[in-house]
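These notes are about the structure you will find just below.
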2 protein chains.
Amino acid sequence: MQQNHVTMKDIANRLGVSSVTVSKALGDKEGVSDELKQKIKEIAQEMGYRFNTAAKAMKEGLSYNIGVVIAERYASVTQSFYLQFYQYLSTALEDVQYSGILHMLSEEDEGQLVLPRIYHDRKVDGFIILGQLSNTYISAIHETGIPLVFLDFYTDRTELDYVITDNFYGMYEMTNYLIANGHRDIAFVGSLHATSSIQDRFLGYYKSLLEHRIPLRQEYILNDRDESGKLLDVAIPEALPTAFACNCDQVAYLLMNTLRKQGVRVPEDCSVVGFDNDIYATLAEPALTTVEVDRQEMAKTAVNKMVRKISDPALNSGRVLVRGKMIYRESVRSMK
Amino acid sequence: MQQNHVTMKDIANRLGVSSVTVSKALGDKEGVSDELKQKIKEIAQEMGYRFNTAAKAMKEGLSYNIGVVIAERYASVTQSFYLQFYQYLSTALEDVQYSGILHMLSEEDEGQLVLPRIYHDRKVDGFIILGQLSNTYISAIHETGIPLVFLDFYTDRTELDYVITDNFYGMYEMTNYLIANGHRDIAFVGSLHATSSIQDRFLGYYKSLLEHRIPLRQEYILNDRDESGKLLDVAIPEALPTAFACNCDQVAYLLMNTLRKQGVRVPEDCSVVGFDNDIYATLAEPALTTVEVDRQEMAKTAVNKMVRKISDPALNSGRVLVRGKMIYRESVRSMK
DNA sequence: CTGAAAGCGCTTACAG
DNA sequence: CTGAAAGCGCTTACAG
């Protein structure tokens, strides 16, 4: 129960060497005999030495922290998706001797272009931005010159770095799977102008239809949210499709409730698939066939990008796609 | 887009004063004329000065960061409760010029008593521990002497500091409410030996029964989980109570599914209440009457405690209870 | 009201 | 292989 403040100097004194030698030994640098290195490490351990990152930080001008920014609206009760993402980021950052500092961005700060306090305090060497933010906010943070990596979101600005899941390919694969199961009347559920992810997923769906020479029908493109992003009841088409490809699990879950109320059984009467593999995928009955976003791989990729950007801020590695993974459950019926 | 590295010295040079004066001005300390202070602040702003926390940290031996530890098992897909909690903590910390660093503790690290890397790096001045951890881990982290505040969890060790929701009072109030609505056959759903929260909630329930001279019936105490914490199907008693007081919303939600399968309607045939006001409270149909844990108030209280402990580590303010808030919805029927 | 000096605990050249 | 010196950017105590 003692709050120790052992320094390298203390270790050096104890062993009758200089603190330079201790620094080299603990940092595994050249120029200390292996024997002495070993001895120093043992003593450090024994004395309960803890490295003082602040000192290193000041010397090198780096904090060894990365800010992870998530808009508050993505961290609501129903959306632990991004918070789980943070977990992977945190682990990936530790692997490269960094720590993550999570910053929830409020609507207010986003609107008024208030940068995170950790920016002003120089507590971070860069920001990983998780999810979509307003263009003006992106510009504001980008103008500071601090290294930036965008995760799970991209824009048309090619000078920025992005790591995203391959939404296009994921929904393409999913639609192929539905078609392989004999479906041809497949609706896409998602408002095309709401988010860039929905658009890309839609395009993957469309690509699959094109490849299979199934015409795209306007009445099978169903809105799921209004312009503010608020989820709506999906209007079920008169002619019931045999499958609904939903842009996310939550919408698939809500759609299944609506279908149930209309007496439509899933998957007997029609199939429903989702995307994300979040809580709604398993809350749904039957559980949803969906595409899992490989957040772990995305997190690792983003952290790597960030570390490279910190050592070379001019670096621009562009948009990196990470492939998702099909999860097969019980919400699809084979029509064959 | 320039990565600036303006220091106090730069500002001082620009104005022909010393960096000491700049430090005093920016820190709003005594000994600089208001005029000069104002001028310095303007120039700092104009030059894009950012405070270097690392330098202050080294000087004072404080990092101005607090680690927030959450066991990974509490941050699963279905449990964003604690992650929301973190949000409040983060805001409360910013109010006192601190930043929060979220650390997800893996089962493995917990078992092997591996302390967070941010501890070894001296990146934090204290830890707020969110939720229950093993006793051995608590001992291990406590022995380091680093200031500790436990949030939403307590033990019998009086030398530690806790901030918890008033589980006892919340369930007491809830049971009173059921009784006021004419219920007398009220079951409690929760395994009494699983967690300390469940125990306290049970005792609040019991207290209410005692006050109303309703006998406690063993067959109305229903297990909801096994020893490992895994949720079980609740065994509905032969003689159906008129109300179920569940120890949490999730269990209430699951119970309602079970009841539905047995053809029991809520609230017509029996009432069900929960606790926590989490996602399950509104996912349930009808929505659950429940007790909302006042996480914001708890977060503020914990941060205050922490700040006081940092300046005086010997301080032991003990167990602080924060009152919850009844949320009335549609899952209770009046028997009158 | 203002500032020169010392020091926080490291690391990076450089000298031996 | 080992170490004395300088410096990172602040703040504190002291002198003027």
Side-chain angles (χ1 to χ4, degrees), chain A residues 3-41 43-44 47-65 97 119-125 310-311, chain B residues 3-41 43-44 47-65 97 119-125 310-311:
Chain A
Q3 190 65 300
N4 69 66
H5 280 273
V6 181
T7 68
M8 288 189 178
K9 189 72 197 148
D10 296 328
I11 299 172
N13 288 152
R14 166 92 167 263
L15 282 164
V17 298
S18 81
S19 62
V20 176
T21 301
V22 174
S23 170
K24 285 174 182 161
L26 295 181
D28 256 329
K29 298 272 162 64
E30 300 281 282
V32 189
S33 67
D34 284 348
E35 225 172 331
L36 184 52
K37 241 183 208 176
Q38 193 53 40
K39 187 73 190 157
I40 287 173
K41 285 182 182 170
I43 296 291
M47 294 176 77
Y49 173 75
R50 287 193 290 153
F51 186 81
N52 189 327
T53 306
K56 189 183 186 194
M58 203 173 60
K59 184 75 174 117
E60 302 188 2
L62 288 177
S63 68
Y64 291 95
N65 292 134
Q97 319 296 319
Y119 166 75
H120 294 290
D121 293 349
R122 287 184 195 259
K123 278 188 177 176
V124 293
D125 302 332
I310 287 169
S311 53
Chain B
Q3 190 65 299
N4 69 67
H5 279 275
V6 181
T7 69
M8 288 188 179
K9 189 73 196 145
D10 296 328
I11 299 171
N13 288 152
R14 167 93 167 264
L15 282 164
V17 299
S18 82
S19 63
V20 176
T21 300
V22 174
S23 169
K24 285 174 183 162
L26 294 180
D28 257 329
K29 299 272 162 65
E30 299 282 281
V32 188
S33 66
D34 285 347
E35 224 173 334
L36 183 53
K37 239 181 209 176
Q38 193 52 38
K39 186 73 190 158
I40 288 172
K41 285 180 182 171
I43 297 290
M47 293 176 76
Y49 173 74
R50 287 193 291 151
F51 186 80
N52 190 327
T53 307
K56 189 183 186 193
M58 202 172 59
K59 184 76 173 117
E60 303 188 2
L62 288 177
S63 68
Y64 292 94
N65 292 135
Q97 319 297 318
Y119 166 75
H120 293 290
D121 293 348
R122 286 184 197 259
K123 277 189 178 177
V124 292
D125 303 332
I310 287 169
S311 52

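Letters A, B, ... are given to chains in the order of the sequence lines, protein chains preceding strands, and every chain is numbered from 1.
In this structure a side-chain-to-backbone donor-acceptor pair under 3.5 Å is missing from A/Asn13 to A/Asp10. Without hydrogens or angle criteria, A/Ser63 side chain to A/Lys123 main chain gives a donor-acceptor distance under 3.5 Å. Proximity of a side-chain donor or acceptor of B/Arg122 to a complementary backbone N or O of A/Ala54 within less than 3.5 Å is not detected.
Where DNA chain C pairs in unbroken runs of 3 or more (Watson-Crick or G-U, both distances under 3.5 Å), the stems are C:1-3 with D:14-16, C:5-12 with D:5-12, C:14-16 with D:1-3.
Scanning DNA chain C 5' to 3' for nucleotides with an atom closer than 4.0 angstrom to a non-hydrogen atom of chain B gives a first and last hit of C/dC1 to C/dG9.
When all heavy atoms are compared, the tightest approach of B/Lys24 to B/Val32 is CB-CG2, 3.5 Å. Taking all atoms of both residues into account, the shortest heavy-atom contact from A/Thr53 to B/Asp121 is OG1-O, 2.6 Å.
The distance from the CG atom of A/Leu36 to the CG atom of A/Leu15 is 7.0 Å, given to the nearest 0.5 Å.
If you check every strand for non-hydrogen atoms under 4.0 Å, A/Lys24 touches a base.
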Practice problem: Kindly indicate, with the supporting measurements, whether the criterion side chain to side chain contact (heavy atoms under 4.5 Å, CB included) is fulfilled by A/Val20 and A/Lys29. | Solution: CA-CA 11 Å; A/Val20 176; A/Lys29 298 272 162 64; over 6 Å; no

Exercise. Give the C-alpha distance, both sets of side-chain angles, the deciding distance and a yes or no for side chain to side chain contact (heavy atoms under 4.5 Å, CB included) between A/Thr7 and A/Asn52.
Key: CA-CA 8 Å; A/Thr7 68; A/Asn52 189 327; over 6 Å; no

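Remark on DNA chain C: of its neighbouring residues B/Ala55 and B/Glu30, the 5'-side contact belongs to B/Glu30, judged by nearest-heavy-atom nucleotide. Annotation: of the two residues near DNA chain C, A/Glu60 and A/Asn52, the 5′-most nearest-nucleotide partner is A/Asn52.
The neighbour count for A/Lys37 NZ, taken as heavy atoms of other residues, nucleotides or ligands under 6.0 Å away, is above 12.
Figure legend: B/Lys56 and B/Tyr64 shown as a cation-pi pair, the cationic atom lying under 6.0 angstrom from the six-membered ring centre and within 45 degrees of its axis.
Contacts between residues 13-23 of chain B and DNA chain D, defined by a heavy-atom separation below 4.0 Å, involve B/Val20, B/Ser23, listed by number.
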